[in-house]
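In what follows, a structure is listed as structure tokens, so that the remarks can point back to it.
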Amino acid sequence: MTDTRLNFKDMCAKFDVTPRTLRYYEYIELLQPERDGRARFYSAREIARMTLIMRGRRWGFPLEDIRQFLLVYEEHGTKAQLQHWIDMADGKLVELEQQRRDLETAIEELTENRRETLESLDTKK
């Protein structure tokens with residue numbers, strides 16, 4: 001049987017995070033590695049949790065929302081966690097769609113202002 005645990009350094013490398021980030025996730029109890037003296041080891045469970053944390057961060061979820069999502073599984077099981085995920089995703093999709101509209105408006109306004117400024121420079125020659 002192979003050991004699926006990762007040490008601290010390997011966990012940082014696998015998820016491309018700094019040691020400070022990994023320690024912070026432990027501090028706020030998103031991760032709970034096994035300890036052997038000063039050494040930390042991350043089981044398959046912690047690796048899966050870190051995968052979810054990183055995915056959630058990439059999608060823009062605050063760490064507290066991710067922590068709550070992980071707690072739902074511990075307290076209520078998979079079905080409740082999946083329903084909680086659907087609710088989180090629905091809210092984030094609404095937020096991201098609004099951000100997209102805001103960006104499109106900003107791009108249009110900036111493009112128009114640039115065009116007007118360029119025309120203004122051309123007329124002053």
Side-chain angles (χ1 to χ4, degrees):
M1 183 170 153
T2 60
D3 188 5
T4 59
R5 298 184 319 162
L6 296 177
N7 65 30
F8 186 83
K9 181 180 176 185
D10 291 340
M11 188 75 161
C12 288
K14 178 175 179 62
F15 291 99
D16 193 26
V17 297
T18 65
R20 181 177 180 181
T21 296
L22 198 54
R23 283 191 294 272
Y24 181 68
Y25 290 171
E26 292 172 26
Y27 175 75
I28 62 173
E29 299 179 350
L30 288 174
L31 298 173
Q32 297 157 350
E34 301 166 26
R35 294 189 180 263
D36 184 5
R38 293 185 53 147
R40 297 175 175 102
F41 296 97
Y42 300 85
S43 66
R45 175 186 181 272
E46 298 308 305
I47 294 167
R49 287 172 67 94
M50 187 66 170
T51 300
L52 293 173
I53 292 164
M54 298 304 291
R55 191 175 291 159
R57 295 300 288 153
R58 185 172 57 252
W59 291 332
F61 289 102
L63 287 174
E64 180 56 25
D65 289 0
I66 295 168
R67 191 178 74 72
Q68 291 299 321
F69 169 72
L70 294 171
L71 277 175
V72 168
Y73 174 77
E74 292 175 10
E75 295 175 1
H76 304 289
T78 302
K79 187 173 181 180
Q81 185 185 43
L82 293 175
Q83 184 57 57
H84 185 77
W85 166 245
I86 295 297
D87 296 341
M88 285 176 60
D90 288 347
K92 181 54 76 174
L93 286 168
V94 168
E95 180 184 326
L96 290 172
E97 285 297 334
Q98 182 60 52
Q99 288 176 359
R100 182 192 332 227
R101 287 189 296 274
D102 293 345
L103 278 171
E104 287 171 355
T105 299
I107 289 168
E108 289 169 8
E109 290 174 357
L110 181 58
T111 300
E112 179 61 20
N113 186 269
R114 181 189 178 283
R115 185 191 60 72
E116 290 170 356
T117 303
L118 189 58
E119 286 176 1
S120 163
L121 281 173
D122 287 343
T123 61
K124 293 184 181 190
K125 286 185 178 177

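Under a hydrophobic-cluster definition in which Ile, Leu, Val, Met, Phe, Trp and Tyr are linked whenever side-chain heavy atoms come within less than 4.5 Å, directly or via other members, L70 and L82 are assigned to different clusters. A single hydrophobic cluster is not seen to contain both W59 and L103; linkage of ILVMFWY side chains at heavy-atom distances under 4.5 Å, directly or through other members, places them apart.
Between the CG atom in L52 and the CD atom in Q81 there is a gap of 7.0 Å [rounded to 0.5 Å]. In this structure, T117 OG1 and E112 CD are separated by 9.5 Å, a value rounded to the nearest 0.5 Å. Note that NE2 of H84 and CG of L71 are 9.0 Å apart. Values are rounded to the nearest 0.5 Å. A distance of 8.0 Å separates CD1 of I66 from CZ of F61, quoted to the nearest 0.5 Å. One distance of note links CZ of R45 with CG of L31; it measures 9.0 Å at 0.5 Å rounding. A distance of 10.0 Å separates CG of D90 from CH2 of W85, quoted to the nearest 0.5 Å.
Within the 4.5 Å cutoff, no side-chain heavy atoms of Q98 are placed close to those of V94. A heavy-atom distance below 4.5 Å is found between the side chains of M11 and I47. Between L6 and E46, every side-chain heavy-atom pair lies at or beyond the 4.5 Å cut-off. Residues Q83 and I86 have side chains in contact (heavy-atom distance under 4.5 Å, counting atoms from C-beta outward). In this structure, I53 and R67 have side chains that are not in contact, with every pair of non-hydrogen atoms separated by 4.5 Å or more. Looking only at side-chain heavy atoms (C-beta outward), M50 and V17 come within less than 4.5 Å of each other. Side-chain contact between L30 and Y24: absent, with no pair of heavy atoms (C-beta onward) separated by less than 4.5 Å.
A salt bridge does not link E104 to R101: none of the charged nitrogens lies less than 4.0 Å from a carboxylate oxygen. Residues E26 and R23 are not paired through a salt bridge, judged by the lack of any N-O separation under 4.0 Å between the basic side chain and the carboxylate. Between E74 and R49, at least one side-chain N (NZ, or NE/NH1/NH2) sits under 4.0 Å from a carboxylate O, which counts as a salt bridge.
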CA sep, side-chain torsions, deciding dist, call: D65, K92, side chain to side chain contact (heavy atoms under 4.5 Å, CB included): CA-CA 11 Å; D65 289 0; K92 181 54 76 174; over 6 Å; no

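Scanning both residues, C12 and L22, for their nearest heavy atoms gives SG-CD2, 3.7 Å. Residues Y25 and R57 approach most closely at OH-CG, 4.0 Å, considering heavy atoms. The shortest heavy-atom contact between F41 and D36 is CE1-CB, 3.9 Å. Looking at every heavy atom in both residues, S43 comes nearest to R5 through CA-CG, 4.2 Å.
At most 12 heavy atoms of other shown residues, nucleotides or ligands fall within 6.0 angstrom of atom CG in D16. Counting non-hydrogen atoms of neighbouring residues, nucleotides and ligands closer than 6.0 angstrom, the CZ atom of R115 exceeds 12 such neighbours. Atom OH of Y73 sits in a sparse spot, with 12 or fewer heavy atoms from other residues, nucleotides or ligands closer than 6.0 Å. In the displayed structure, E29 atom CD is contacted under 6.0 Å by at most 12 heavy atoms of other residues, nucleotides or ligands.
Counting only distance, with no hydrogens or angles, the side chain of S120 and the backbone of E116 share no donor-acceptor pair below 3.5 Å. R35 places no side-chain N or O within 3.5 Å of a backbone atom of A39 that could act as its donor or acceptor partner.
No side-chain donor from either of E109 and N113 sits under 3.5 Å from a side-chain acceptor of the other.
Between F8 and Y42, the ring-plane angle classifies as tilted under the 30° and 60° cut-offs.
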